[in-house]
Trainee: 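If you scroll down you'll find the structure; I have some questions about it.
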Amino acid sequence: MKISVSLTVNGKPVSAEIESRTLLVDLIRSRLQLTGTHVGCDTAQCGACTILVDGKAVKSCNMLAIQAQGAEVTTIEGLATNGELHPVQQAFHDHHALQCGYCTPGMVMAAVSLIEEGGATSELAIREGLEGNLCRCTGYHNIVAAVESAAGAMGRAS
């Protein structure tokens, strides 16, 4: 049985006929062709699928698309503005906070939410705030440094 879902993705209204069991990550990747959101584990453990739903970090592999009805969804593709990287994206670049890049979109989205919610107040708080996002390629030192830098650039540091 198909159902209709309407939401805003990266500032653009989107409507789709979907099956009721369609995951939000599948709507984003398959139907909308926004492939920056990655599927790493299918169990909400790794955070590679993290996006923002109404400004809050959400693991999209663990949310039905219909649950986003009427919501404002932001994916990694929606962060940059007029060709300018978002401060968190720029900080990840500046601090070499990635290696293979698979986890990076989800990590960036989680960091944006953490900063916006005022949770990037210290190294420990950042580490705890990002513990639901896993990076298998590197330690987290440069990631934490990038988030600290971005929080300062966004005026959200303690």
Side-chain angles (χ1 to χ4, degrees), residues 1-93 97-120 125-138 140 143-144 146-147 150-151 154 156:
M1 179 175 154
K2 298 275 185 172
I3 57 174
S4 181
V5 63
S6 296
L7 56 152
T8 302
V9 179
N10 299 332
K12 297 177 183 156
V14 172
S15 292
E17 293 293 318
I18 59 170
E19 294 195 25
S20 59
R21 67 178 184 261
T22 301
L23 294 172
L24 184 53
V25 71
D26 293 328
L27 174 67
I28 290 167
R29 288 183 57 80
S30 299
R31 295 289 294 277
L32 303 179
Q33 299 298 300
L34 297 171
T35 57
T37 302
H38 296 147
V39 178
C41 67
D42 281 328
T43 60
Q45 299 297 310
C46 74
C49 67
T50 303
I51 60 169
L52 302 180
V53 176
D54 293 330
K56 304 284 185 196
V58 170
K59 293 179 181 177
S60 61
C61 78
N62 200 33
M63 182 176 183
L64 294 172
I66 194 65
Q67 290 176 288
Q69 175 69 31
E72 175 73 37
V73 172
T74 306
T75 69
I76 193 72
E77 292 90 347
L79 280 186
T81 305
N82 299 323
E84 292 288 322
L85 293 177
H86 184 278
V88 175
Q89 291 172 307
Q90 188 63 55
F92 267 63
H93 176 268
L98 57 104
Q99 284 193 6
C100 85
Y102 198 83
C103 72
T104 305
M107 193 76 73
V108 166
M109 300 309 287
V112 168
S113 180
L114 182 66
I115 292 167
E116 290 294 331
E117 292 174 9
I126 292 167
R127 288 182 181 278
E128 288 175 355
L130 296 179
E131 69 184 4
N133 290 73
L134 304 178
C135 177
R136 292 174 176 93
C137 293
T138 185
Y140 296 87
I143 293 168
V144 171
V147 175
M154 295 169 66
R156 308 263 197 219

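None of the values given here were measured: they were computed from a predicted structure. What you see below is based on every heavy atom in this structure, not just the backbone, and it leaves out hydrogens, waters and symmetry mates.
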Trainee: With sequence neighbours left out, write down each residue that passes salt bridge (Lys or Arg N to Asp or Glu O under 4.0 Å) with R127, or none if nothing qualifies.
Mentor: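 Salt bridge (Lys or Arg N to Asp or Glu O under 4.0 Å) check on R127 returns E123.
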
Trainee: For L130 and A110, work out which heavy atoms get closest and say how close.
Mentor: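 Closest approach of L130 to A110, heavy atoms only: CD2-CB, 3.8 Å.
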
Trainee: Do V147 and V88 come close enough that some side-chain heavy atom pair is under 4.5 Å?
Mentor: no

Trainee: Please name the pair of heavy atoms, one in V25 and one in C49, separated by the smallest distance, quoted to 0.1 Å.
Mentor: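 Reported closest heavy-atom pair: CG2-CB, 4.2 Å.
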
Trainee: Quick one: side-chain hydrogen bond (donor to acceptor under 3.5 Å, both in side chains) partners of S6, sequence neighbours excluded?
Mentor: S15

Trainee: Tell me, do T8 and V73 make a side-chain contact under 4.5 Å, heavy atoms counted?
Mentor: no

Trainee: What residues, two or more places apart in sequence or in another chain, satisfy salt bridge (Lys or Arg N to Asp or Glu O under 4.0 Å) together with R21?
Mentor: E19

Trainee: State, to 0.1 Å, how close G101 and P105 come at their nearest heavy-atom pair, and which atoms those are.
Mentor: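 Shortest heavy-atom contact: O-CD, 3.3 Å.
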
Trainee: Minimum heavy-atom separation for A150 and I115, please, with both atom names.
Mentor: CB-CD1, 3.8 Å

Trainee: Enumerate the residue pairs fulfilling side-chain hydrogen bond (donor to acceptor under 3.5 Å, both in side chains) with a member in residues 49-58, sequence neighbours excluded, ordered by first and then second residue.
Mentor: T50-N133

Trainee: Excluding sequence neighbours, so at least two apart, what forms side chain to side chain contact (heavy atoms under 4.5 Å, CB included) with A97?
Mentor: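 Checked A97 against side chain to side chain contact (heavy atoms under 4.5 Å, CB included); matches are F92, N142, I143, A146.
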
Trainee: How long is the span from the CD1 atom in I3 to the OG1 atom in T22, to the nearest 0.5 Å?
Mentor: 7.5 Å

Trainee: Nearest 0.5 Å, please: how far is CG in L79 from CG in L52?
Mentor: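 Result: 6.5 Å between the selected atoms.
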
Trainee: Using 0.5 Å steps for rounding, measure from the CD1 atom of I66 to the CG atom of L23.
Mentor: 13.0 Å

Trainee: Tell me the closest heavy-atom pair linking L27 and A65, and the distance in Å.
Mentor: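 For L27 versus A65, the nearest heavy atoms are CD2-CB, 4.0 Å.
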
Trainee: Taking all non-hydrogen atoms of both residues into account, name the closest pair between M154 and P87 and its distance.
Mentor: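 Shortest heavy-atom contact: CG-CB, 3.7 Å.
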
Trainee: Does E117 have any side-chain hydrogen bond (donor to acceptor under 3.5 Å, both in side chains) partners at least two apart in sequence or in another chain, and if so, which?
Mentor: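 Checked E117 against side-chain hydrogen bond (donor to acceptor under 3.5 Å, both in side chains); matches are S113.
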
Trainee: Under the side-chain hydrogen bond (donor to acceptor under 3.5 Å, both in side chains) definition, can you give me all pairs with a residue in residues 60-72, not counting sequence neighbours?
Mentor: none

Trainee: Write out all pairs satisfying ring pair (Phe, Tyr, Trp, His ring centres under 6.0 Å) with one or both partners inside residues 52-72, taking only residues at least two apart or from two chains.
Mentor: none

Trainee: Under the side-chain hydrogen bond (donor to acceptor under 3.5 Å, both in side chains) rule, what pairs show up with a residue in residues 77-91, not counting sequence neighbours?
Mentor: T75-E77, Q90-D94

Trainee: Nearest 0.5 Å please: distance from the CD atom of E131 over to the OH atom of Y140.
Mentor: 10.5 Å

Trainee: Starting at CD1 of I76, measure out to CD1 of I28 and round the result to the nearest 0.5 Å.
Mentor: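 Rounded to the nearest 0.5 Å, the CD1-CD1 separation comes to 12.0 Å.
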
Trainee: Working to the nearest 0.5 Å, report the span between NZ of K59 and CE of M109.
Mentor: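 Between K59 NZ and M109 CE, I get 14.5 Å after rounding to 0.5 Å.
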
Trainee: If you look only at distance, which donor and acceptor atoms sit under 3.5 Å apart when one is on a side chain in residues 33-47 and the other is two or more places apart or in another chain?
Mentor:
| from | atom 1 | to | atom 2 | distance (Å) |
| --- | --- | --- | --- | --- |
| Q33 | NE2 | S30 | O | 2.5 |
| H38 | ND1 | Y102 | O | 2.7 |
| Q45 | NE2 | T43 | O | 3.4 |

Trainee: According to salt bridge (charged side-chain N to carboxylate O under 4.0 Å, His left out), does anything in residues 102-116 pair up with another residue at least two apart or in another chain? List the pairs.
Mentor: E116-R156

Trainee: Contact between L24 and I51 at the side-chain level, heavy atoms closer than 4.5 Å - yes or no?
Mentor: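 Heavy-atom side-chain distance check passes, below 4.5 Å.
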
